[in-house]
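Notes for the one structure printed next.
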Amino acid sequence: MNFEFTAEQTQFAAQVRRFAREHLAAGALKRAHDPRFPFDVAQLMAKQGLMGLTLPPSDGGQGGTLMDAVIAIEQVAAECPRSADVVQFGNFGPIRTFAEYGTPAQKAHWLGDLLAGRMVMSLGMTEPDAGSALTDLKTSARVDGTDYVINGSKVFSTFSPDAQIFLIYVRFSPGVGGIGSVLIERGTPGFSIGAPSAFMSDEEWCELNFADCRVPADNVLLGPGGFKKQMAGFNVERLGNTARSLAYGRYAFNAARDYASTRQQFDRPLCEFQGLQWKFADMAIKLESAQLLLYRAAANADRGLPSAYETAVAKAACNQTGFEVASEAVQIMGALGYSRETLVEYCMRRTRGWMIAGGSIEMLKNRIAEHVFDRRFDQRKRSAAAAE
Ligand SMILES: Cc1cc2nc3c(=O)[nH]c(=O)nc-3n(C[C@H](O)[C@H](O)[C@H](O)COP(=O)(O)OP(=O)(O)OC[C@H]3O[C@@H](n4cnc5c(N)ncnc54)[C@H](O)[C@@H]3O)c2cc1C
C-alpha cells in the first residue's frame with residue numbers, strides 16, 4: 001500500500017495548480033458571487049486539457065483516470081473554488097453518464113461543444129414529489145410513432161438557467177424497470193423553463209416543464225431498464241460533489257490558518273491560543289481521514305465507474321467534513337469570515353448544499369447500513385398484504 005501520489009500525479013497536480021494560480025485566482029471572489037455558469041473558464045480549461053479527463057481520446061477526452069479528475073478539482077478549488085464547478089461539469093457531471101452510454105450519433109451531436117466549454121448540460125432527476133424517493137418520478141415518455149412524447153416537471157437542476165442540453169430521467173412504463181432517460185434541447189416545443197430561483201449558495205435553478213414535448217427516439221439515452229446504469233454513472237457525479245466538499249473545506253481551513261497566524265488579539269497571534277489550536281487539530285484530522293476515503297473510491301475506480309459503497313462512505317464523510325471545517329473556519333475568522341469579502345462564508349454555504357444534493361447524508365447512510373448488515377432495507381411502507 002502506498003499513500004503517495006505517483007510521479008505523474010505529482011507533476012499533473014503542480015501543472016493544474018500553476019494554471020489555476022495564473023488564470024483563475026485573481027477573479028475568484030467575483031466569480032463566486034456570479035450565479036451564471038463561467039463559460040470563459042470552461043473554454044480556458046478546454047484549451048488546458050482539463051475537460052473530459054477520464055474520457056477516451058476517441059470521445060475527445062484525455063484518457064486519464066478518475067483520480068486525475070479528483071486531483072484537478074482539488075488544485076483548481078485551492079485557487080478558485082467556483083471554477084471547480086467547471087471541472088465538475090466537464091468530468092463528473094451528467095456529461096460522464098452521457099459519454100458512457102450515448103450513441104455515436106448523440107456524441108457527435110453534443111459532446112464536442114460540451115467538452116469545448118461552449119455548451120453546458122443539466123441533469124433533471126428530481127421532481128416535486130420525487131426527491132430521495134427518486135424512483136417515484138412521474139415524468140413520462142410515451143411512444144408515438146418514431147417519437148417520444150414527454151410530460152412532467154423537474155426541479156433543482158444545477159446549471160439549468162444556462163444549459164442548452166438536458167439529461168432528463170423519465171418513466172417509459174411503471175416500476176423501476178420502466179425508468180430511463182432522454183436528451184432534450186432548450187427550445188424544443190413543449191419544453192418550458194421557469195424563472196430562476198436561488199439556493200442558499202446563490203446558485204440558481206429553474207423549474208423544467210414538459211407539456212407534450214416531442215423528441216425523436218434518437219434522443220433516448222437509456223431506455224427502459226436503464227435506471228441501474230444511470231445510477232452507476234451518477235456515482236461519478238457523487239464523487240465530484242465529494243471532492244468539491246473536501247476541497248472547499250480545505251480552502252477554508254487554509255484561509256483560517258493564514259488568518260490565525262497573523263491576526264493579533266491580546267498582543268499575540270490567534271494561533272497561540274490553545275482553544276484555537278485544538279480546533280485546527282480537529283479540522284486536520286477530519287480533512288485527512290475524509291481525503292483517504294475519497295482517494296480510495298477514486299483510485300479503485302481507475303478508468304471505470306466507482307463502487308456504490310465506497311462512494312457513499314466517501315461522500316458522507318467529505319460532505320460532513322467540508323461543511324464542519326468551513327463553518328469552524330468562519331468562527332475562527334470572526335466577523336471577517338462571516339463577510340463576503342472572504343470566500344470562507346461561500347465555502348460554508350456551498351458545502352451545506354452537498355449534504356443534501358446527489359444523495360443526502362441520510363440516504364447515503366441508509367446505503368452504508370445495507371452494506372453493514374448485508375441486506376436491503378426497503379424504505380417504503382410495507383403494504384398491508386405484505387405485512388401479514
Ligand atoms: C445544491 C443542490 C443541487 C442539486 N442539483 C440537482 C440536479 O442537478 N439535478 C437534480 O435532479 N436534482 C438536484 N438537486 C436535488 C437533490 O437531488 C434533492 O434535493 C435530493 O435528492 C433530496 O430530495 P429533496 O430535497 O426532495 O428532499 P426529501 O427527499 O424530501 O428529503 C427531506 C429530508 O428527509 C430525509 N430523508 C428522506 N427519506 C429518508 C429516508 N428514507 N431515511 C432517512 N432520511 C430520509 C432526507 O435526507 C432529507 O434530509 C440538487 C439539490 C441541491 C441542494
Side-chain angles (χ1 to χ4, degrees), residues 32 35 37 81-82 84-86 88-89 92-98 120-139 152-171 179-184 193-194 196-210 221 227 230-231 233-242 244-245 248 311-312 315-316 318-320 322-323 326 346-370 373 376-382:
F37 182 78
R82 170 73 166 138
D85 291 352
V86 178
Q88 167 80 11
F89 153 68
F92 296 87
I95 196 174
R96 183 70 176 78
T97 313
F98 172 56
V120 67
M121 180 181 248
S122 181
L123 174 66
M125 303 184 300
T126 311
E127 299 184 357
D129 295 324
S132 302
L134 181 58
T135 53
D136 283 353
L137 67 88
K138 293 193 194 92
T139 298
S153 63
K154 299 285 176 183
V155 285
F156 304 136
S157 293
T158 298
F159 304 143
S160 47
D162 296 303
Q164 190 62 31
I165 177 77
F166 295 77
L167 195 168
I168 303 292
Y169 281 31
V170 293
R171 175 171 294 296
I179 297 175
S181 53
V182 292
L183 299 159
I184 309 183
I193 300 180
S197 297
F199 286 125
M200 178 199 278
S201 58
D202 292 340
E203 289 166 280
E204 293 183 347
W205 60 273
C206 305
E207 183 162 335
L208 312 176
N209 289 297
F210 305 96
L221 179 68
F227 186 68
Q230 270 163 204
M231 291 319 284
F234 189 60
N235 279 326
V236 177
E237 177 146 9
R238 283 184 167 151
L239 267 198
N241 288 352
T242 306
R244 278 183 301 166
S245 291
Y248 278 47
T311 302
K315 183 172 186 292
C318 291
N319 286 165
Q320 217 152 315
F323 175 70
Y346 171 75
C347 290
M348 189 185 93
R349 288 183 288 120
R350 289 297 306 277
T351 49
R352 187 66 189 85
W354 291 314
M355 295 167 84
I356 299 168
S360 66
I361 290 202
E362 292 79 12
M363 292 307 288
L364 297 169
K365 287 183 178 173
N366 290 342
R367 175 71 186 76
I368 295 165
E370 290 188 333
F373 290 99
R376 184 165 145 56
F377 295 113
D378 196 340
Q379 302 297 309
R380 291 174 195 285
K381 252 194 326 197
R382 285 198 295 164

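The model shown is predicted, which means the values in this text are computed figures rather than measured ones. Counting starts at 1 for both ligands and their atoms, following the listed order.
- Under 3.5 Å, the side chains of N241 and R238 contain no donor-acceptor pair of N or O atoms.
- Salt bridge D202/R82: absent, no basic N to carboxylate O contact under 4.0 Å.
- A donor-acceptor contact shorter than 3.5 Å is absent between the side chain of Q230 and the backbone of Y169.
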Mind running side-chain contact (heavy atoms from CB on, under 4.5 Å) on F156 and M125 for me, showing each step along the way?
CA-CA 9 Å; F156 304 136; M125 303 184 300; over 6 Å; no
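- R350 approaches W354 most closely through the heavy-atom pair NH2-CZ2, 3.2 Å.
- Dense packing is recorded around CZ of F377, with more than 12 heavy atoms of other residues, nucleotides or ligands lying under 6.0 Å away.
- Listed as neighbours of ligand 1 are L123, G124, M125, T126, G131, S132, F156, S157, T158, F199, G353, I356, A357, G358, S360, E362, M363, N366, Q379, each bearing a heavy atom under 4.0 Å from the ligand.
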